K.L.:
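Take this structure first; my questions come after.
As the structure is a computational prediction, the values presented were derived from the model and not from experiment. Whatever order the structure lists ligands and atoms in, that order sets their numbers, starting from 1.
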Amino acid sequence: MSDCIFCKIIKKEIPAKIVYEDDKVVAFEDVNPQAPVHILIVPIKHIPTILDITQDDNALIGHIFMVANNIAKNKGISGSGFRTVFNCNKDAGQAVYHIHLHILGGRRMAWPPG
Ligand code: 5GP
Ligand code: ZN
């Protein structure tokens with residue numbers, strides 16, 4: 001989508017600190033980090049919300065979690081723990097309508113979330 005900020009990052013039209021990419025996803029540091037480690041994993045396919053995920057995307061969603069697994073290990077937060085979040089729509093505070101998995105770690109997380 002031409003007006004989507006994450007599609008622009010994927011196409012390298014705007015800069016981001018990319019930590020991992022392959023033919024299905026791009027992962028980059030969040031510009032406004034909420035934890036010492038805050039990375040977003042974004043599918044190259046533009047999917048607005050998790051409600052738009054279909055059966056065809058099953059392997060892609062599984063792949064996103066495999067990438068999260070590897071990033072957590074590489075960033076040294078797998079043992080201490082980390083949180084993964086897909087925000088969906090207004091009440092969850094979704095700001096960018098191209099799905100992205102947040103990986104947050106490096107500090108103790110509160111529960112319930114705010
Ligand atoms: P959401 O609230 O949609 O789940 O999260 C959107 C996230 O994207 C926020 O944490 C925000 O800081 C991050 N973000 C928004 N615009 C940009 C950007 O241009 N570059 C990067 N690296 N992160 C962004
Ligand atoms: Zn997009």
Side-chain angles (χ1 to χ4, degrees):
M1 274 226 347
S2 58
D3 60 346
C4 169
I5 193 147
F6 286 175
C7 282
K8 287 179 181 164
I9 288 175
I10 289 162
K11 287 187 271 179
K12 312 281 168 65
E13 290 172 4
I14 63 171
K17 291 182 181 165
I18 292 173
V19 299
Y20 175 82
E21 61 184 318
D22 60 27
D23 61 338
K24 298 180 192 67
V25 301
V26 176
F28 50 88
E29 292 181 7
D30 196 292
V31 76
N32 182 23
Q34 301 301 311
V37 176
H38 188 173
I39 290 166
L40 306 174
I41 304 175
V42 180
I44 288 169
K45 178 180 178 184
H46 179 91
I47 302 172
T49 79
I50 64 164
L51 297 168
D52 301 301
I53 292 168
T54 70
Q55 202 78 15
D56 289 346
D57 302 315
N58 281 354
L60 174 62
I61 301 306
H63 182 65
I64 287 172
F65 279 97
M66 286 308 304
V67 171
N69 183 335
N70 288 330
I71 288 173
K73 288 174 183 162
N74 290 340
K75 291 288 179 181
I77 56 170
S78 56
S80 52
F82 61 98
R83 185 164 291 168
T84 55
V85 177
F86 276 112
N87 290 319
C88 184
N89 281 338
K90 185 164 51 73
D91 276 0
Q94 184 173 3
V96 178
Y97 281 76
H98 179 144
I99 63 166
H100 46 283
L101 184 66
H102 294 257
I103 304 172
L104 296 138
R107 67 167 172 83
R108 190 68 186 257
M109 301 288 155
W111 192 263

K.L.:
If you round to the nearest 0.5 Å, how far is CD1 of Ile71 from CD1 of Ile103?
P.N.:
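Here the rounded value is 4.5 Å.
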K.L.:
Looking at atom 19 (O) of ligand 1, what's its closest protein heavy atom, distance included?
P.N.:
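Scanning the protein heavy atoms, the shortest distance from atom 19 (O) of ligand 1 goes to Ile5 CD1, 3.4 Å.
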K.L.:
Please check whether Phe28 reaches ligand 1 - meaning an N/O of the residue sits under 3.5 Å from an N/O of the ligand, judged on distance alone.
P.N.:
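Looking only at distances, the answer is no, because the N/O contact criterion of under 3.5 Å is not met.
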K.L.:
Give a rough value, rounded to 10 degrees, for the angle at the Zn ion (ligand 2) between atoms SG of Cys7 and SG of Cys4.
P.N.:
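About 120° at the Zn ion (ligand 2).
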K.L.:
Looking at Asn87, which atoms of ligand 1 are within less than 4.0 Å of one of its heavy atoms?
P.N.:
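Heavy-atom distances to Asn87 below 4.0 Å select 1 (P), 2 (O), 4 (O).
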K.L.:
Going by heavy atoms, is Ile9 under 4.0 Å from ligand 1?
P.N.:
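Ile9: in contact with ligand 1 (<4.0 Å).
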K.L.:
Tell me the protein heavy atom at minimum distance from atom 2 (O) of ligand 1, and give that distance in Å.
P.N.:
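The answer is Gly93 O, 2.8 Å.
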K.L.:
Got the closest protein heavy atom to atom 22 (N) of ligand 1, with its distance?
P.N.:
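Looking only at protein heavy atoms, the one closest to atom 22 (N) of ligand 1 is Glu29 O, 2.9 Å.
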K.L.:
Out of all atoms in ligand 1, which are within 4.0 Å of some heavy atom of Asn32? Include the element for each.
P.N.:
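Those qualifying, in numeric order: 12 (O).
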K.L.:
Quick check: does Ala95 get an N/O under 3.5 Å from an N/O on ligand 1?
P.N.:
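The answer is yes, given that Ala95 and ligand 1 share an N or O pair closer than 3.5 Å.
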K.L.:
Under the side-chain contact (heavy atoms from CB on, under 4.5 Å) criterion, do Asn89 and Tyr97 qualify, and how do the steps go?
P.N.:
CA-CA 8 Å; Asn89 281 338; Tyr97 281 76; 3.4 Å; yes
K.L.:
Determine, using ring centers only, whether His102 and His100 are less than 6.0 Å apart.
P.N.:
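Close enough - the centres of the two rings lie under 6.0 Å apart.
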K.L.:
Roughly how far, to the nearest 0.5 Å, is CD1 of Ile61 from CG of Asp56?
P.N.:
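Atom-to-atom, Asp56:CG and Ile61:CD1 are 11.5 Å apart.
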K.L.:
Select the closest option to atom 1 (P) of ligand 1 among His98, His100, Lys17, judged by heavy-atom distance.
P.N.:
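Going through His98, His100, Lys17 one by one, His100 has the nearest heavy atom to atom 1 (P) of ligand 1.
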K.L.:
Of the non-hydrogen atoms in Cys88 and Thr49, which two are nearest, and what is the gap between them?
P.N.:
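Shortest heavy-atom contact: SG-CB, 4.1 Å.
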K.L.:
Tell me which protein heavy atom sits closest to atom 9 (C) of ligand 1, plus the residue, atom name and distance to 0.1 Å.
P.N.:
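The protein heavy atom lying closest is Asp30 OD2, 3.3 Å.
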K.L.:
Looking only at N, O or S atoms in His98, which is nearest to the Zn ion (ligand 2)?
P.N.:
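When I compare the N, O and S atoms of His98, ND1 is nearest to the Zn ion (ligand 2).
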K.L.:
Return a yes/no value for Leu40: is any of its N or O atoms, backbone included, closer than 3.5 angstrom to an N or O of ligand 1?
P.N.:
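Not met; the criterion fails.
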K.L.:
What is the name of the N/O/S atom in His46 that sits closest to the Zn ion (ligand 2)?
P.N.:
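The Zn ion (ligand 2) is closest to the His46 atom ND1, counting only N, O or S.
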K.L.:
So, taking the atom named CD1 in Ile18 and the one named CD1 in Ile39, what distance separates them when rounded to the nearest 0.5 Å?
P.N.:
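Taking CD1 in Ile18 and CD1 in Ile39, the distance rounds to 12.0 Å.
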K.L.:
Measure the distance from atom 24 (C) of ligand 1 to every protein heavy atom, then report the residue, atom name and distance (to 0.1 Å) of the closest one.
P.N.:
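The closest heavy atom on the protein side is Val31 CG1, 3.5 Å.
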K.L.:
Answer yes or no: does an N/O atom from His102 fall short of 3.5 Å to an N/O atom of ligand 1?
P.N.:
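In this structure, His102 places an N or O atom under 3.5 Å from an N or O of ligand 1.
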K.L.:
For the atom pair CE (Met66) and CG (Asp22), what is the distance rounded to the nearest 0.5 Å?
P.N.:
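Reported to 0.5 Å precision, the distance equals 11.5 Å.
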K.L.:
Work out whether the distance between some heavy atom of Tyr97 and some atom of ligand 1 is less than 4.0 Å.
P.N.:
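In this structure, Tyr97 fails to qualify as a contact of ligand 1 - no heavy atom is under 4.0 Å.
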K.L.:
In this structure, would Leu40 and Ile9 fall into the same cluster of hydrophobic residues linked by side-chain contacts under 4.5 Å?
P.N.:
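Yes, Leu40 connects to Ile9 through the hydrophobic network.
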K.L.:
For atom 15 (C) of ligand 1, grab the closest protein heavy atom and report residue, atom and distance to one decimal in Å.
P.N.:
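Heavy-atom neighbour on the protein nearest atom 15 (C) of ligand 1: Val96 CG2, 4.1 Å.
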